[in-house]
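This report concerns only the one structure given below.
All of these numbers come straight from a predicted model, not from anything done at the bench.
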Amino acid sequence: MMAGAEKFVEADNAEAIITRIEHKSRKIESLLKQNKPVEALKTALEGSSHMIRDERCKSANWIVVHRALMAIKDVEGMFSSLDPEYYDILMKYLYRGLSTGDRPTCDQCLRIHEKLTERAGLGCILRSLADTVNTV
């Protein structure tokens, strides 16, 4: 699909999206039980909701991503196996986490943000903050 040709998913499709997110959530819980937090994070970030306008869907997806983010213990190790294709969407979710004001969530997001910025550079931050259309 050409850049810019993607369509936003509207509320009439929300139930199908919520169902997919619930399936993703079960897969993530399974990966976490297998002590595979980086795989869980990748799964959470895949097909992420940045093209979705429905707030229920965004919130449901945030819960899934948050669960995976909070399970990461070895941030350095995470980046040794997390592909750069995930960096920009991860940065968006880090800022969403920081906006919650929840201390444990903010602490974890700041730890990951520091290492992500070292890896991806300031461009990742700028792309995340400048894109006000595709929010998570």
How long is the span from the [atom1] atom in [X] to the [atom2] atom in [Y], to the nearest 0.5 Å?
{"X": "Arg119", "Y": "Cys124", "atom1": "CZ", "atom2": "SG", "answer": "12.5 Å"}
{"X": "Arg96", "Y": "Asn61", "atom1": "CZ", "atom2": "CG", "answer": "9.0 Å"}
{"X": "Leu94", "Y": "Cys106", "atom1": "CG", "atom2": "SG", "answer": "11.0 Å"}
{"X": "His113", "Y": "Leu90", "atom1": "NE2", "atom2": "CG", "answer": "9.5 Å"}
{"X": "Leu110", "Y": "Leu116", "atom1": "CG", "atom2": "CG", "answer": "12.0 Å"}

Looking at every non-hydrogen atom in both residues, tell me the closest pair between [X] and [Y] and how far apart they are.
{"X": "Ala44", "Y": "Val65", "result": "O-CG2, 3.7 Å"}
{"X": "Cys109", "Y": "Gly97", "result": "SG-CA, 3.8 Å"}
{"X": "Gly77", "Y": "Asp74", "result": "N-OD1, 3.0 Å"}
{"X": "Arg56", "Y": "Ala14", "result": "NH2-CB, 3.1 Å"}
{"X": "Ala68", "Y": "Ile28", "result": "CB-CG2, 4.4 Å"}

Excluding sequence neighbours, so at least two apart, what forms side-chain hydrogen bond (donor to acceptor under 3.5 Å, both in side chains) with [X]?
{"X": "Lys115", "result": "Glu76"}
{"X": "Glu46", "result": "Tyr86"}
{"X": "Thr105", "result": "His66, Asp102"}
{"X": "Glu29", "result": "Arg67"}

For [X], check side chain to side chain contact (heavy atoms under 4.5 Å, CB included) against everything at least two apart and list the hits.
{"X": "Ser128", "answer": "Met91, Lys92, Tyr95"}
{"X": "Arg103", "answer": "Asp107"}
{"X": "Ile18", "answer": "Glu22, Cys57, Ala60"}
{"X": "Gln108", "answer": "Met70, Ile72, Arg111, Ile112"}

* Hey, is the main chain of Ile21 close enough, under 3.5 Å, to the side chain of Ser25 for a donor-acceptor pair? ->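 No; judged by distance alone, with no hydrogens or angles, the pair does not exist.
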Between the main-chain N or O of Arg26 and the side-chain N or O of Ser30, is there a donor-acceptor pair closer than 3.5 Å?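 Such a contact is absent between Ser30 side chain and Arg26 backbone.
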Go through the steps for Glu114 and Glu118 under the test side-chain contact (heavy atoms from CB on, under 4.5 Å), then give the verdict. CA-CA 6 Å; Glu114 177 185 16; Glu118 287 174 10; 3.9 Å; yes
> With sequence neighbours left out, which residue pairs that include part of residues 20-44 fulfil the ring pair (Phe, Tyr, Trp, His ring centres under 6.0 Å) condition?
Replying inline: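 Sorted result for residues 20-44: empty, none.
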**Prompt:** Which pairs pass ring pair (Phe, Tyr, Trp, His ring centres under 6.0 Å) with one or both residues in residues 114-136, sequence neighbours excluded?
**Reply:**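 Not a single pair qualifies under ring pair (Phe, Tyr, Trp, His ring centres under 6.0 Å).
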Tell me which pairs pass salt bridge (charged side-chain N to carboxylate O under 4.0 Å, His left out) where either residue lies in residues 78-90, with sequence neighbours left out.
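Applying salt bridge (charged side-chain N to carboxylate O under 4.0 Å, His left out) to every pair that reaches into residues 78-90, excluding sequence neighbours, yields Asp88-Arg127.
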Check: What class does the angle between the rings of Trp62 and Tyr93 fall in, given that below 30° is parallel, 30 to 60° is tilted and above 60° is perpendicular?
Finding: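 Parallel.
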- prompt: Would Leu41 and Leu31 count as a side-chain contact (heavy atoms from CB on, under 4.5 Å) if you check the C-alpha gap in whole Å, the side-chain angles of each, and the deciding distance to 0.1 Å?
  reply: CA-CA 9 Å; Leu41 181 60; Leu31 288 166; over 6 Å; no
> Going only through I, L, V, M, F, W and Y residues with side-chain contacts under 4.5 Å, is there a path from Tyr87 to Leu126?
Replying inline: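 Per the 4.5 Å side-chain linkage, Tyr87 and Leu126 are not co-clustered.
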- prompt: In terms of hydrophobic clusters joined by side-chain contacts under 4.5 Å, are Ile17 and Ile63 together?
  reply: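 Ile17 does not cluster with Ile63.
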